[in-house]
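Just so you know, these numbers use all the heavy atoms, side chains as well, and skip hydrogens, waters and symmetry mates. Residue numbers start from 1 in every chain, and the chains themselves are labelled A, B, ... in the order their sequence lines are given, proteins ahead of strands.
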Amino acid sequence: MKAHPIKAAAFLQNEARADWHDESLWFVRAKRDKAAHEIPEWEQLRELASQIKDHTLSRLDDYLEDFERHALENGVQVHWAEDAAAHNRIIQSILKKHRARRVVKSKSMLTEECQLNAYLEQHDIEVVDTDLGERIIQMRGEPPSHIVMPAIHLKKEEVGQLFHEQLRTEKGATDPKYLTEAARQHLRHSFLKADAAITGVNFAIAETGGVVVCTNEGNADMGTHLARVQIHCMGIEKIIPQTKHLGVFTRLLARSATGQPSTIYTSHYHRPRPGAAMHIVIVDNGRSKQLSRPDFRNSLKCIRCGACINTCPIYRRSGGHSYGSTVPGPIGSILTPGLDLKKYSSLPFASTLCGSCSDVCPVKIDIHEQLYRWRQIITREGHLPRTKKWVMKIAGSILSRPGWYEQAGKTARRLLRGLPRILVYAPLNIWGKGRELPPPPRQSFREWYRKNREE
Amino acid sequence: MSKKKMLSAIKTAKPPLSSMPAVPPFPTEQRPASEIFGAQAAQSGSRVLLAADFDGISQAIHFLYPQARCIASPLPQVTSGIELKNCEPSDLQAVDVAVLNGQLGVAENGAVWIAEEDMVHRVLPFITQHLVLLLPQDQIVYNMHEAYQQITIDEGGFGLFVAGPSKTADIEQSLVIGAQAARSLTIFLT
Amino acid sequence: MKTALFIPCYIDQFYPQVGIATLQLLERLGCEPHFPEAQTCCGQPMANTGCEQEAQESYQHFVKVFQHYDYVVTPSGSCAYHVRKHYDVLEQTEAVQHLRRNTLDLAEFLLQVLKIKSLDARFPARVGLHQSCHGLRGLRLGSGSERNIKEYSALRTLLNMVDGIEIAELQRPDECCGFGGTFAIQEPDISVKMGKDRIADHQRAAVEVITAGDMSCLMHLEGILRRQQSPIQVKHIAEILNSQV
């Protein structure tokens with residue numbers, strides 16, 4: 001996989017487009033700020049949410065068992081999947097059992113993580129993503145670039161062209177209203193034909209055995225209530241203990257995600273409707289491993305609001321695809337190294353550690369601190385380029401020895417003053433790519449101090 | 001087998017027990033909840049009307065949706081154009097306006113709780129082109145904490161908070177009302 | 001009160017005037033900080049690159065040099081934050097704990113220890129304040145736009161004590177400049193783009209000078225400004241607070 005800096009540089013080739021991308025996301029961040037500032041108890045809610053999740057993780061096995069028991073009592077079929085492969089197999093077997101060939105799916109980052117669509121298509125099952133953004137990128141055959149706004153990287157002209165080719169909309173039509181209407185008509189058809197509906201899960205309530213799904217479009221419900229079979233896929237970390245905790249999380253989720261006071265639809269599923277079937281698939285896929293890492297386990301508190309992605313100055317200027325992981329941005333950069341450290345070793349470095357991600361996080365995950373800690377592990381496990389490691393080793397030696405340090409500083413300044421510009425700004429000088437070096441002074445502070453305060 | 005393996009992995013991995021925080025009551029505003037509700041619902045694109053301003057709900061529906069060919073409702077005061085008890089969910093694709101009872105309103109976000117028994121069909125509030133809800137004014141609470149205290153989420157097999165018309169901003173962040181589900185939401189306060 | 005002055009390595013070598021301004025300012029306020037000459041670096045450049053191991057010697061050296069002072073003052077929110085937050089990997093001896101409590105950024109020292117209410121300073125210029133991230137979100141020198149708490153900014157409070165200064169309002173008052181230590185080298189394209197965007201915000205606000213609590217951010221911004229041949233100057237906040245133009 002190409003490292004983040006290379007893909008980021010490619011994204012920045014079109015600077016006007018990068019500016020547009022940055023502004024689009026900043027707009028969402030600004031809406032989030034406004035919504036958060038309208039709730040006087042906002043910071044208290046974040047703390048509560050964080051503590052509820054801490055508690056839940058500390059008893060996760062118990063709560064999962066409670067959840068399953070209650071779900072079974074409700075007539076729901078519960079399945080357990082250790083990894084992505086098991087998850088996909090289970091879904092396929094459920095579909096097979098119900099003779100379901102046509103599936104509609106609402107947004108689920110988990111099924112994205114498990115690459116469910118590709119798997120089902122291999123088994124001759126038609127899957128239609130029904131969230132508008134997801135449908136767009138599905139038609140384009142590319143992964144989402146954002147967990148809440150999957151097609152945020154696309155311009156309306158590109159969507160217009162795509163719809164013209166695939167949905168026969170008018171050529172050159174770019175009005176979002178017109179394009180959305182075309183998608184509505186197209187998707188209604190899919191909903192009415194579907195045998196089964198798959199959704200993700202926002203919250204799973206241990207005390208009732210039910211799941212909550214939040215959407216703005218209503219697409220999850222258009223699917224589940226028309227199809228004969230409804231399947232909800234959830235990571236083990238989606239559990240919350242009690243109904244009353246929904247009060248805390250629903251207040252935080254939409255405000256953090258888009259600045260809305262609530263998603264339009266907050267659907268609570270507990271039992272299949274008469275004559276239909278309801279399944280829940282509980283998935284681990286690396287999560288219990290993450291739970292075992294004291295420094296990183298609290299990344300499992302994430303409620304997938306995307307606020308850290310919207311605020312991240314690197315994400316905004318490099319786009320979701322530059323990360324090469326299912327979940328991009330800061331949260332993705334602390335989750336994915338846990339799955340494959342070598343493959344994703346550039347992600348924890350795709351940050352200035354500015355800390356904005358941690359401060360917008362509604363469950364107070366210390367994201368930037370975890371990025372820092374992943375960096376240490378990447379070095380320890382030998383995934384930092386050797387040259388870089390050597391430079392750091394030498395720097396470490398010089399910077400802890402006053403004599404060496406002073407001599408090195410003097411030499412560097414003298415060289416910078418004396419060398420011709422072409423040598424100083426040679427291609428190897430990455431700093432000089434878009435920046436001048438500071439003009440080297442004749443005297444360091446310590447030399448001045450010696451002369452002016454000690455003599 | 002997977003279940004056992006997964007649970008045992010979690011048991012080994014989980015951190016030491018941390019205590020469960022209590023969710024305290026939060027101070028509410030001075031203004032009446034119904035007033036805040038109206039403002040919030042309007043902001044989310046809902047239309048909030050006082051039932052008292054009309055000559056009965058049936059009249060109001062015909063006044064507001066003169067073009068509607070199919071009105072669906074389980075309410076005795078509304079003549080339903082479709083026999084809800086004896087139809088399939090997919091038959092509801094023809095519904096222009098659905099009129100349903102809402103149980104509880106939430107002031108902070110303009111959301112209304114609809115219980116399964118009031119929907120007849122779970123898909124009805126979604127598949128209808130336009131959704132109309134009747135909500136008693138004295139059934140509006142300030143925030144989601146109070147709301148979850150009042151409702152029983154697992155009373156039926158399905159329950160819904162709806163906070164406006166179906167919407168999307170997936171194309172260039174432009175807000176479009178009327179994505180996959182109901183194109184409008186009208187709430188009559190009774 | 002025994003106070004030591006910690007001048008971060010890059011300030012010592014490239015921006016001696018910032019060290020001088022910090023020292024003179026503290027002296028004018030009646031504090032006589034000592035500059036222990038054996039000091040080098042807090043170790044942050046290595047640690048942020050993932051080389052905490054390679055930084056250990058610097059950490060130990062820092063502790064050895066500074067442990068006997070009541071306070072360590074530094075004109076860098078970032079270095080102060082590093083000592084306070086990331087020296088947690090050292091054995092937590094009394095000396096380490098003491099330093100993790102009492103290594104302060106200049107602004108913190110002025111407002112919390114010296115508790116200054118006014119300053120004899122004058123700087124007649126239109127200034128844009130860059131809130132360096134480690135000071136802002138690490139040391140909590142300001143409320144930050146993300147959190148819903150009462151608004152405050154230590155740097156703004158200090159700048160407001162200066163005569164003649166005009167502080168410009170920015171569209172994104174606390175977005176990162178893109179320096180990020182070795183990030184500036186590892187992700188040069190994004191780093192420079194972030195810096196350009198920050199500068200554009202200051203340009204729209206028609207500032208003459210950009211100031212910050214961290215010279216590292218300013219070094220990055222200055223590099224871009226000079227490449228653009230912009231007339232905008234950068235000045236560390238210590239230089240403005242010590243200014244009597």
Q. So what's closer than 4.5 Å to chain B heavy atoms on T130(A): side chain, backbone, both or neither?
A. backbone
(Q) With a 4.5 angstrom heavy-atom cut-off, is it the side chain or the backbone of E47(A) that approaches chain B, or both, or neither? (A) neither
Q: Could you check whether the rings of F188(B) and F54(B) sit parallel, tilted or perpendicular, using 30° and 60° as the cut-offs?
A: perpendicular
(Q) Quick check for you: among A163(B), S174(B), A9(B), G45(B), which has the greatest number of heavy-atom pairs under 4.5 Å with chain A? (A) A163(B)
Q. Checking heavy atoms, do the side chain of I52(A), its backbone, both or neither come under 4.5 Å from chain B?
A. both
Q.
At a 4.5 Å cut-off on heavy atoms, which part of E88(B) comes close to chain A: side chain, backbone, both, or neither?
A. neither
(Q) Which heavy atom of L160(B) sits nearest to which heavy atom of S267(A), and what is that distance? (A) CD1-OG, 3.5 Å
Q: Could you check which of Q180(B), E146(B), Q149(B) has the highest count of heavy-atom pairs closer than 4.5 Å to chain A?
A: Q180(B)
Q.
Assess whether a salt bridge exists between K155(A) and E172(B), defined as any Lys/Arg side-chain N lying under 4.0 Å from an Asp/Glu carboxylate O.
A. no
Q: Indicate the atoms forming the closest heavy-atom contact of S106(A) with A220(A), along with that distance.
A: OG-CB, 3.5 Å
Q: Select, from G75(A), S288(A), G218(A), the one with the greatest count of heavy-atom pairs under 4.5 Å involving chain B.
A: S288(A)
Q | E108(B) portion near chain A, given a 4.5 angstrom heavy-atom threshold | A | both
Q.
Under 4.5 Å from any heavy atom of chain B, what part of L45(A) do you find: side chain, backbone, both or neither?
A. side chain
**Q.** Given Y265(A), Y269(A), F191(A), the one that forms ring-ring contact (aromatic ring centres under 6.0 Å, His included) with H225(A)
**A.** Y269(A)
Q: Would you mind checking which part of R287(A) comes under 4.5 Å of any heavy atom in chain B, side chain (CB onward), backbone (N, CA, C, O), both or neither?
A: neither
**Q.** Part of S19(B) lying under 4.5 Å from any heavy atom of chain A
**A.** backbone
Q) Closest approach of S166(B) and A181(B), non-hydrogen atoms and distance? A) OG-N, 3.2 Å
Q | chain B contact via L192(A) - side chain, backbone, both or neither, heavy atoms under 4.5 Å | A | side chain
Q. Does the pair K107(A) and T215(A) meet the rule for a side chain to side chain donor-acceptor pair (under 3.5 Å), with working shown?
A. CA-CA 9 Å; K107(A) 194 153 41 186; T215(A) 72; over 6 Å; no
**Q.** K3(B) with E68(A): basic N within carboxylate O range, under 4.0 Å
**A.** yes
Q.
Heavy-atom cut-off 4.5 Å, strictly under: side chain, backbone, both or neither for T174(A) against chain B?
A. neither
Q: Look at I153(B), V162(B), T168(B) and state which one has the largest set of heavy-atom pairs under 4.5 Å with chain A.
A: I153(B)
**Q.** Side chain, backbone, both or neither of V28(A) within contact of chain B (heavy atoms, under 4.5 Å)
**A.** side chain
**Q.** Positive for side-chain contact (heavy atoms from CB on, under 4.5 Å) with F37(B), one of I187(B), V106(B), V141(B), N109(B)
**A.** I187(B)
Q: Go through the steps for S58(A) and Y63(A) under the test side chain to side chain donor-acceptor pair (under 3.5 Å), then give the verdict.
A: CA-CA 10 Å; S58(A) 78; Y63(A) 283 128; over 6 Å; no
Q | Side chain / backbone / both / neither for P241(A) at chain B, heavy atoms under 4.5 Å | A | side chain
Q: Show your working on side chain to side chain contact (heavy atoms under 4.5 Å, CB included) between Y148(B) and V23(B) and close with a plain yes or no.
A: CA-CA 12 Å; Y148(B) 278 112; V23(B) 181; over 6 Å; no
Q.
Let's test your reading of the structure: which of Q173(B), M20(B), M144(B) forms the most heavy-atom pairs below 4.5 Å with chain A?
A. M20(B)
Q.
Assess, by modelled atom type and distance only, whether the side chains of Q51(A) and S18(B) contain a donor and an acceptor separated by less than 3.5 Å.
A. no
Q: State which residue, out of H70(A), H270(A), H268(A), fulfils the side chain to side chain donor-acceptor pair (under 3.5 Å) condition with T208(A).
A: H270(A)
Q: In plain terms, say whether D129(A) and R135(A) are close enough for a salt bridge, that is, a side-chain N and a carboxylate O under 4.0 Å apart.
A: no
Q: Considering only NZ, NE, NH1 and NH2 on the basic side and carboxylate oxygens on the acidic side, decide whether K34(A) and E38(A) come within less than 4.0 Å.
A: yes
(Q) Quick check for you: among A182(B), P125(B), A179(B), A147(B), which has the greatest number of heavy-atom pairs under 4.5 Å with chain A? (A) A179(B)
Q) For E237(A), is it the side chain, the backbone, both, or neither that has a heavy atom closer than 4.5 Å to a heavy atom of chain B? A) neither
**Q.** chain B contact via Q290(A) - side chain, backbone, both or neither, heavy atoms under 4.5 Å
**A.** neither
Q. Is it the side chain or the backbone of N74(A) that comes within 4.5 Å of chain B heavy atoms, both, or neither?
A. neither
**Q.** Single hit among L104(B), V112(B), T190(B), L189(B) for side-chain contact (heavy atoms from CB on, under 4.5 Å) with Q139(B)
**A.** L104(B)
**Q.** Which atoms of V176(B) approach chain A - backbone, side chain, both or neither, heavy atom under 4.5 Å
**A.** side chain
Q | Part of A22(B) lying under 4.5 Å from any heavy atom of chain A | A | backbone
Q | Rounded distance (nearest 0.5 Å) linking atom CG of L132(A) with atom CZ of R184(A) | A | 12.0 Å
Q. What option among M222(A), R251(A), E41(A) has the most heavy-atom pairs under 4.5 Å with chain B?
A. R251(A)
Q. Relative to chain A, which of S46(B), A169(B), S8(B), P165(B) shows the most heavy atom pairs under 4.5 Å?
A. P165(B)
**Q.** Min side-chain heavy-atom separation M149(A)-N310(A) under 4.5 Å
**A.** yes
Q.
If you count heavy-atom pairs within less than 4.5 Å of chain B, which of I264(A), N216(A), L57(A) leads?
A. I264(A)
Q | Heavy-atom pairs under 4.5 Å with chain B, option from R273(A), R59(A), K244(A) with the top count | A | R273(A)
**Q.** L154(A) portion near chain B, given a 4.5 angstrom heavy-atom threshold
**A.** backbone
Q) Taking A151(A), A86(A), P294(A), P272(A) one by one, which has the highest count of heavy-atom pairs under 4.5 Å against chain B? A) P272(A)
Q: Give, as side chain, backbone, both or neither, the part of K31(A) having an atom under 4.5 angstrom from any heavy atom of chain B.
A: side chain
Q.
So which residue, D221(A), D54(A), L226(A), ends up with the most heavy-atom pairs under 4.5 Å with chain B?
A. D221(A)
